[in-house]
Amino acid sequence: MKIYIDGKYYTEKDAKISVFDHGLLYGDGIFEGIRVYHDRVFKLKEHIDRLFYSAKSILLTIPMTHGELMKAVIETCRRNKVRDGYIRLVVTRGVGTLGLNPQRCKDPSVIIIAGKIQLYPVELYQRGMEIVTASTTRNLHSALNPAIKSLNYLNNILAKIEATNAGCEEAILLNAEGFVAECTGDNVFIVKAGHLFTPPLSAGALYGITRQVVMEIAEESGLVVSEPNLTRYDLFNADECFLTGTGAELMPVVKIDGRVIGTGKPGRVTGRLVAQYRALTKVNGEPIYD
Ligand code: PMP
């Protein structure tokens, strides 16, 4: 594998960053996870835009333009002969001192890893996932806005530990007011009486790119989509529930905290959206090999 670091390509063994990088010392940096389908990078522009929004929020100057970053992502895929896979794009604050001051970090680092994706087993998509609510509260947006896709993912990791301790792959995070925010690495949707609902971003969710695509395809096919505050009660009594994320795509949820959702099987609306999403991934994206 050839890994991009600051304009050069390194083997896995040689792809290293400094122990004084504030990305490592303080989680001071940002990232994106991007999918490649059929020789195309899916929603690349949207991911790069979100990376720049995260950067702006933490006063980090990415040392490349949108266009340069897109080219570097595509070139990294090309060098690794990626046809279907996953890209991790990371920008760290760069090398500084042991102190917090980010102004001591003169050169942010850009890292691009393009490789294979570890997918959930196919049976899970057919059967649906069981999830739990974590006792870990989602970060307050006044403290560390969950819209920032930062390298500081401890809030998510603590909830993920609760999920795995409960024998689950995912967990719901509630915000400090008790409203549903999202999952540790996915946004959450419910279907109720033919309407689609997902928590608003202000509830403490990431502006998920898959979330956005699903909302668009749902609206195009005539579904009404709303973003109200949701409680666990709303999830428990939904007709259908599913998660969205770049890695997971759309994952049906059939049990939450021991409550069976709907029929206990992946629902019809979810199934339709899954098919529409998959169809989109087949024909969209930035071509890697011209
Ligand atoms: N929420 C969190 C916390 C995430 O890390 C992610 C990305 N894995 C998502 C939601 C889904 O966002 P996207 O659809 O852009 O991958």
Side-chain angles (χ1 to χ4, degrees), residues 27 29-37 41-55 57-58 73 85-91 113 117-120 129 131 133-134 136-141 143-164 168-175 179-190 196 198-218 225 227 230 241-253 270 273-274 276-278 280-281 284-285:
I30 50 176
F31 76 102
E32 282 297 321
I34 311 169
R35 279 293 278 276
V36 177
Y37 295 100
V41 187
F42 191 62
K43 298 286 165 191
L44 179 56
K45 186 183 172 300
E46 286 79 354
H47 283 282
I48 302 284
D49 283 347
R50 187 171 66 185
L51 187 78
F52 273 86
Y53 295 142
S54 295
S57 304
I58 67 163
V73 165
Y86 182 81
I87 302 157
R88 175 57 55 92
L89 173 54
V90 182
V91 185
I113 308 165
I117 177 153
Q118 179 83 46
L119 294 167
Y120 284 127
M129 197 182 250
I131 61 175
T133 307
T136 304
T137 302
R138 189 77 180 112
N139 281 332
L140 282 175
H141 48 72
L144 176 58
N145 196 326
I148 302 169
K149 203 163 165 60
S150 88
L151 291 182
N152 196 317
Y153 248 47
L154 265 182
N155 185 225
N156 311 51
I157 288 166
L158 292 176
K160 181 79 172 188
I161 291 169
E162 293 190 55
T164 51
C168 295
E169 298 274 2
E170 258 297 12
I172 297 274
L173 283 142
L174 304 179
N175 64 22
F179 292 116
V180 176
E182 59 176 344
C183 285
T184 69
D186 299 297
N187 292 107
V188 59
F189 282 83
I190 55 169
L196 199 56
T198 191
L201 301 176
S202 58
L206 182 76
Y207 188 173
I209 287 162
T210 320
R211 173 186 185 274
Q212 183 61 33
V213 173
V214 166
M215 287 167 83
E216 283 165 14
I217 53 182
V225 186
E227 300 173 65
L230 297 172
C241 177
F242 62 89
L243 312 181
T244 63
T246 295
E249 300 176 334
L250 279 77
M251 172 61 77
V253 172
T270 307
L273 291 169
V274 168
Q276 285 171 293
Y277 186 81
R278 296 231 165 109
L280 262 189
T281 64
N284 276 273

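Ligands are counted one by one from 1 in listed order, and the atoms in each one are counted from 1 as well.
Surrounding OH of Y207 are at most 12 heavy atoms belonging to other residues, nucleotides or ligands under 6.0 Å away.
Without hydrogens or angle criteria, K160 side chain to E169 main chain gives a donor-acceptor distance under 3.5 Å. Under a 3.5 Å cut-off, the side chain of E182 and the backbone N or O of L206 do form a donor-acceptor pair. No donor-acceptor distance shorter than 3.5 angstrom exists from the side chain of N175 to the backbone of G204, with no hydrogens or angles considered.
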Please produce the table of protein N or O atoms sitting under 3.5 Å from N or O atoms belonging to ligand 1, one pair a line, distance to 0.1 Å.
{"from": "ligand 1", "atom 1": "1 (N)", "to": "E182", "atom 2": "OE1", "distance (Å)": "2.6"}
{"from": "ligand 1", "atom 1": "5 (O)", "to": "K149", "atom 2": "NZ", "distance (Å)": "3.2"}
{"from": "ligand 1", "atom 1": "5 (O)", "to": "Y153", "atom 2": "OH", "distance (Å)": "2.4"}
{"from": "ligand 1", "atom 1": "8 (N)", "to": "G185", "atom 2": "O", "distance (Å)": "3.0"}
{"from": "ligand 1", "atom 1": "14 (O)", "to": "I209", "atom 2": "N", "distance (Å)": "3.3"}
{"from": "ligand 1", "atom 1": "14 (O)", "to": "T210", "atom 2": "N", "distance (Å)": "2.9"}
{"from": "ligand 1", "atom 1": "14 (O)", "to": "T210", "atom 2": "OG1", "distance (Å)": "2.6"}
{"from": "ligand 1", "atom 1": "15 (O)", "to": "R50", "atom 2": "NH1", "distance (Å)": "2.8"}
{"from": "ligand 1", "atom 1": "15 (O)", "to": "R50", "atom 2": "NH2", "distance (Å)": "3.1"}
{"from": "ligand 1", "atom 1": "15 (O)", "to": "I209", "atom 2": "N", "distance (Å)": "2.8"}
{"from": "ligand 1", "atom 1": "16 (O)", "to": "T246", "atom 2": "N", "distance (Å)": "2.9"}
{"from": "ligand 1", "atom 1": "16 (O)", "to": "T246", "atom 2": "OG1", "distance (Å)": "2.5"}

Can you list the steps and then say if I87 with L44 is a side chain to side chain contact (heavy atoms under 4.5 Å, CB included)? CA-CA 10 Å; I87 302 157; L44 179 56; 5.9 Å; no

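Rounding to the nearest 0.5 Å gives a distance of 11.5 Å between CG of L119 and OH of Y86.
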